[in-house]
> 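Have a look at this one before I ask anything.
Each residue takes its place number in the sequence, starting with 1. Hydrogens, waters and symmetry mates are skipped; everything else that's a heavy atom, side chains included, is used.
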Amino acid sequence: MKDSQYFKFDIYTVLPALVFIILIWLVYTIEVKYHFNFTNLGIRPGKWSGLKGVIFSPFIHADLGHLWSNTLPSLVLVTALSYFYRSISIKVLCLGLIFSGLMTWIIGRPSYHIGASGLIYLLASFLFFKGVFTKHYRMLALSFVVTFFYGSMVWYVLPLKTGISWEGHLSGGVVGIILAIVTKNKLPEKMKYQWENPDFNIDDDPFMRQFDENGNFIELDEEE
């Protein structure tokens with residue numbers, strides 16, 4: 001499969017991210033407008049009823065600042081996932097949310113854990129490690145971009161600040177690494193240059209003919 005066939009930017013590339021963003025803003029709008037509080041639908045470690053948060057917690061946010069801080073990273077990272085790993089993107093999202101939520105329920109403090117930050121850590125971790133494992137030049141470039149923009153997030157997998165679910169961050173990061181290892185997807189064909197072909201003859205190459213056997217540049221006649 002050629003790069004042009006593998007990498008496609010269309011409505012299906014941005015649709016998952018747009019749907020998710022619309023849902024989290026819709027949930028918050030309903031909370032504010034109708035004075036609801038959905039916090040008790042978050043992940044609550046230590047209680048069986050708290051398992052429902054595995055499904056609902058990513059859509060619930062404490063306040064506008066919490067919501068906004070998760071909106072742009074979610075939009076960027078979910079879109080990147082859909083663009084670079086379209087064939088497995090839905091699988092990664094679904095399995096990632098379920099297993100990172102379960103891990104949070106197992107290791108988390110006995111309080112409600114809400115927000116999409118666990119998803120963000122999941123995606124940042126997956127995109128970075130998957131790019132390293134595939135060794136495809138575009139995926140590797142994405143790994144470096146993720147490191148540049150989101151590398152500082154690694155500190156928040158530690159209990160450095162109260163009020164932040166570092167357990168959710170840690171769970172997302174760990175599950176992202178695991179999914180990067182176990183998920184398989186067909187990659188585009190590696191670009192092959194002319195000199196990599198087994199029948200390549202250096203004497204027939206116009207560029208290489210401009211150098212002598214010692215690597216010194218030689219000026220060819222116009223006829224050559």
> List the atom of His113, the atom of Pro45, and the distance in Å for their closest heavy-atom pair.
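In terms of heavy atoms, the two residues are closest at CD2-CD, 3.5 Å.
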> Would you say Ile177 and Phe144 are hydrophobically clustered, going by side-chain heavy atoms of ILVMFWY under 4.5 Å?
no
> Using ring centroids (six-membered ring only for Trp), state whether Trp105 and Trp48 fall under 6.0 Å.
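Ring centroids of Trp48 and Trp105 are less than 6.0 Å from each other.
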> As a quick check of understanding, evaluate ring-ring contact (aromatic ring centres under 6.0 Å, His included) for Tyr150 and Phe128, giving each step before the final call.
CA-CA 10 Å; Tyr150 300 108; Phe128 172 77; over 10 Å; no
> Is it possible for you to say whether Ile22 and Tyr28 belong to one hydrophobic cluster, with membership spreading through side-chain heavy-atom contacts below 4.5 Å?
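Ile22 and Tyr28: separate clusters.
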> Can you establish whether the number of heavy atoms outside Tyr156 located under 6.0 Å from its atom OH is more than 12?
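No - once you tally the heavy atoms of other residues, nucleotides and ligands closer than 6.0 Å, there are 12 at most.
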> Do His61 and Thr71 touch side chain to side chain, with heavy atoms closer than 4.5 Å?
no
> Where the side chain of Ser171 meets the backbone of Gly168, is there a donor-acceptor pair that is under 3.5 Å apart?
no
> Please check if Tyr112 and Phe38 belong to a single hydrophobic cluster, counting links between Ile, Leu, Val, Met, Phe, Trp and Tyr side chain heavy atoms closer than 4.5 Å.
no
> Do Arg138 and Phe7 meet the cation-pi criteria used here (NZ or CZ under 6.0 Å from the six-membered ring centre, within 45° of the axis)?
yes
> Would you check if the side chain of Lys130 reaches a backbone N or O of Leu127 as a donor-acceptor pair within less than 3.5 Å?
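Such a contact is absent between Lys130 side chain and Leu127 backbone.
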> Got Thr79 and Thr13 here, is their nearest side-chain heavy-atom distance under 4.5 Å?
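Thr79 vs Thr13: side chains touch.
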> Any sub-3.5 Å donor-acceptor pair from Ser125's side-chain atoms to Gly173's backbone N or O?
yes
> Would Phe59 and Phe20 count as a close aromatic pair, with their ring centres under 6.0 Å?
yes
> Using ring centroids (six-membered ring only for Trp), state whether His169 and Tyr121 fall under 6.0 Å.
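When the ring centroids of Tyr121 and His169 are compared, they turn out to be within the sub-6.0 Å range.
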> Identify the heavy atoms of Leu97 and Pro58 that sit nearest to each other, and give their distance.
CD2-CG, 3.8 Å
